[in-house]
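Below is one structure, written out as structure tokens; the observations come after it.
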Amino acid sequence: GQGVEQPDNLMSVEGTFARVNCTYSTSGFNGLSWYQQREGHAPVFLSYVVLDGLKDSGHFSTFLSRSNGYSYLLLTELQIKDSASYLCAVRMPNYNVLYFGSGTKLTVEP
Amino acid sequence: DPKIIQKPKYLVAVTGSEKILICEQYLGHNAMYWYRQSAKKPLEFMFSYSYQKLMDNQTASSRFQPQSSKKNHLDLQITALKPDDSATYFCASSQEGLGGQNTLYFGAGTRLSVL
């Protein structure tokens, strides 16, 4: 099967940072995306990476290591409103199929 | 205004019945998708369409049939409903080419409960 794994929960403090990890083991790879999903709402696209290294997009940064099947989403200067689930999705070579992880629920405390 | 409209927002059905979930997108995208999300489970890919043609189907059951009457429509017909079909069904779209396919835009979802 296609394995995309994420920790279930993560807690952090307002003003600090949080790193949401994702490991994958899939039969193919054509990039990895991160989505934010609030309770009862649709996922919202955050970032897409296909090359190794860190992609800095300000509040959200993403890291990818293809050889290790590993990515993380880094949120800096956390705000309470960053509390949400963060979904990692591996894009397959065949037509835009995404395999999602179960998501990590991030709770940002005051 | 929402650019991907899904109807209805909530749907309750009895076991064995048939329902159609509606999806229309006004983003001008050429590719559309259906995903399903059950409680405690990952978002699961079901179908992908491009220019109204089926590109990929990862739904084991033939009870799920997508229908595309127009380029910006992709409905989902579900027959012989079972309680296990209870989930939120998300429609999504993306733009072909120039990397646009890397970004999916999701509708608000239809929450289906089968009794």
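Protein chains get the first letters and strands the later ones, always in sequence-line order, with residue 1 at the start of each. The figures that follow rest on heavy atoms only: side chains count, while hydrogens, waters and symmetry mates do not.
Within a 6.0 Å radius of CZ in A/Phe17, other residues, nucleotides and ligands contribute 12 heavy atoms or fewer. A 6.0 Å sphere centred on CZ of B/Arg111 holds no more than 12 heavy atoms belonging to other residues, nucleotides or ligands.
Only the side chain of B/Gln37 comes within contact range of chain A, with heavy atoms under 4.5 Å apart. Heavy atoms of B/Tyr35 lying under 4.5 Å from chain A belong exclusively to its side chain.
Here the closest heavy-atom approach between residue A/Leu106 and residue A/Ala18 is recorded as CD1-CB, 3.8 Å.
Of residues 37-62 of chain A, those residues with a non-hydrogen atom less than 4.5 Å from any non-hydrogen atom of chain B are, in numerical order, A/Gln37, A/Gly40, A/His41, A/Ala42, A/Pro43, A/Phe45, A/Tyr48. Among residues 63-72 of chain B, no residue has any heavy atom closer than 4.5 Å to a heavy atom of chain A.
Taken to the nearest 0.5 Å, the CG atom of B/Asp85 stands 11.5 Å off from the OG atom of B/Ser113.
Aromatic ring pairs are classed by plane angle as parallel below 30°, tilted from 30° to 60° and perpendicular above 60°; the pair A/Tyr35 and B/Phe106 is perpendicular.
The cluster map of Ile, Leu, Val, Met, Phe, Trp and Tyr, joined by side-chain heavy atoms under 4.5 Å apart, puts B/Leu76 and B/Leu11 in the same cluster.
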Item to check | side chain to side chain contact (heavy atoms under 4.5 Å, CB included) between A/Val108 and A/Leu75, intermediate numbers included | outcome: CA-CA 11 Å; A/Val108 180; A/Leu75 297 89; over 6 Å; no

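A donor atom on one side chain and an acceptor atom on the other are found under 3.5 Å apart for B/Tyr33 and B/Ser94.
Here the side chains of A/Trp34 and A/Val20 are in contact, with some heavy-atom distance below 4.5 Å.
Considering A/Val90, A/Thr23, A/Val4, A/Leu32 in turn, A/Leu32 is the only one that fulfils the side-chain contact (heavy atoms from CB on, under 4.5 Å) rule with A/Ser71.
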